[in-house]
Amino acid sequence: MASDSCARVRFAPSPTGKLHIGGARTAIYNWAFARSMGGTFILRIDDTDPTRSTDENTRVILRAMRWLGLDWDEGPDVGGVCGPYRQTECLPLYREAAERLVAEGKAYYCFCSAEKLSQDHDAAVARKDPFQGYQRTCRALDPCDARARVDAGEPCTIRIKVPLDRGDVVVHDAVHGDVAFNAKELDDFIIFRSDGTPTYNFATVVDDARMGITHVIRGDDHLSNTPRQIMVYEALGAPAPTFAHISMILGADGKKLSKRHGATSVEEYRDQGFLSDAFVNYLALLGWSLDGETTIIPRAVLASRFSLEHVSKNPAIMDPEKLSWVQQQYVLAMDDTTFVTDILKPALAAAGLDDGSMHDDAWYALLAAILKPRTTMPHDAADKACFLYEGVEVALDEKSVAKNIAKEGVRSWLEAARDALAAVADDTWKADAINAALEPLPEVLGTGKRRFFGAVRVALCGNQVSPPLGESMELLGKDIVLARLERTLPLAG
RNA sequence: GGCCCGUUCGUCUAGCGGUUUAGGACAUCGCCCUCUCAAGGCGGAGAUCGCGGGUUCGAAUCCCGCACGGGCUACCA
């Protein structure tokens, strides 16, 4: 537990919606960074926007984080030495910090109305002033006068006083390098609203400073706001952390990911049946690479080898096909027992086919063995196992029947198959024996294996595509197999 | 308008001045295996490294312009 690293990182979502895949990736990077550094991973809920934040969203986000397997060391539910971890529970702290800044002359009250602000802005645009921000009107107010107006109940905000002679503010960014901004372009932005709540740029910094955050890893939509936040760190007298701004995730058309691109929330992927490990694997490698070769990266490797140096700067387009491939790799790597409990049985139950107790363990194990390489999503398994649960009257696909059964001479093949299978002793009704019984038939009947087995397949499974026949028949049981062959005979030519 | 960021196969990426005829993966195509479908194996095609200038014996890699895309510029986060 003891580590020589004091890296402290945080993932601080706003509960204004579900956890998006972009947010999930940010969370993964923070988590992986903390773990690789032997540091601390903190979960904080940035809910300073009371109109858009909800407790329900917070619950959903926490649940998604747990599903992702991103365990946090400090957070709203587990506590920690730097609590509270929910910004709405820290309101007095922000107020105190803001007032201290005013007292120290590093921030000031502003009484400008919304109309005045927009007039100033319009005027700046009209005179083609490159600076269109706040004109610092109230900065010149006498502090005592301002105090009196506040006490008299006049509505006001609190603005940070950006030092005019600050020069370049440089953001030390682990993925972009040093990024310089001229402080002259920063306006005296609001840190406290007239309704008595702090703004994001202020609350985040107060919390990050208070929690001793050493690395801020977040979306690059925050990069331009970072110099403002650095002003707050400086006013607060706190050291600024190292930043790492990661790019956005885009849809197939290169536009910002939205509903029209399909699933965007973590929960939707979970509900579709994606494995958390596969999902994390895919997202981790979307915008970060271990070595340019690795495509499958176990969680433990991610947690030990992650590095900010290999995070890419440019936005990445989400590719559902590659996600599926990664998922398939994880399914393939599962042992059969896990496949049965985690994928097969839940899928059969969800499809209403089997509550999990209709057969013995060996039966499910055999089914797992033939279905696993044919399964990416759980529903694939259910779809492919469906024909095992339909009794004698399995649904026959018309086209398959027309193509494989309703042909001259097929009736004799099916009869031959039936007779050969009937001759297999009940206690040796296994895939091997079944295959051995059918194997010689095509030659004897003077036909091709493809056509012969094609006919048998349609008769037994109702379709031209099915899992391997020997195993399928073993699972079906001798009686059903013979009955299905029998009932197909009238359709054969 | 101003400021900032980004730009290597269709997609995710490797690449940090010469080892590059730009490597890997997904997707795609072909072959093999094969009772179908998968899985697996092998192979092909696919990127003049956004464009234009420089610097250098040598540039995807360094510098400068431009273009395009994105972000910030809110009493949103």
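Basis for what follows: all heavy atoms, side chains included, without hydrogens, waters or symmetry-related copies.
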Answer yes or no: does a side-chain N or O of [X] lie under 4.0 Å from OP1 or OP2 of [N]?
X      : N     : result
A:R159 : B:A74 : no
A:R451 : B:C35 : no
A:Q328 : B:A39 : yes

Will you find, in the side chains of A:Y94 and A:D207, an N or O donor that is under 3.5 Å from an N or O acceptor?
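A:Y94 vs A:D207: donor-acceptor pair found between side chains.
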Looking only at the side chains, is there a donor atom on one of A:D220 and A:S247 sitting less than 3.5 Å from an acceptor on the other?
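No, no side-chain donor-acceptor pair sits under 3.5 Å.
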Is it the case that the base of B:C75 and the side chain of A:S194 share a donor-acceptor contact (distance under 3.5 Å, atom types as modelled)?
yes
Between the base of B:C35 and the side chain of A:R450, is there a donor and acceptor pair under 3.5 angstrom?
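Between B:C35 and A:R450, which were checked side chain against base, a qualifying N/O pair under 3.5 Å is absent.
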Under 6.0 Å from the CZ atom of A:R210, do we count more than 12 heavy atoms belonging to anything else shown?
yes
Is there a side chain to side chain contact (heavy atoms under 4.5 Å, CB included) between A:T226 and A:H245? Walk through the geometry before answering.
CA-CA 10 Å; A:T226 305; A:H245 286 96; 3.1 Å; yes
Polar atoms only, N or O, under 3.5 Å: list the protein pairs with nucleotides 41-49 of chain B and their distances.
none

Enumerate the protein-to-nucleotides 3-11 of chain B contacts in which both atoms are nitrogen or oxygen and the separation is below 3.5 Å.
from, atom 1, to, atom 2, distance (Å)
B:C5, O2', A:H176, NE2, 3.3

For A:W288 and A:Y29, what are the C-alpha separation, side-chain angles and deciding distance, and is it a ring-ring contact (aromatic ring centres under 6.0 Å, His included)?
CA-CA 9 Å; A:W288 171 73; A:Y29 287 4; 7.1 Å; no
Can you tell which of B:C35, B:U73, B:C12 lies closest to the side chain of A:L286?
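The answer is B:C12.
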From C-beta outward on A:T157, which listed nucleotide comes closest to its side chain: B:U73, B:C75, B:C26?
B:C75
Separation of B:G2 C1' from A:D187 CG (nearest whole Å)
12 Å
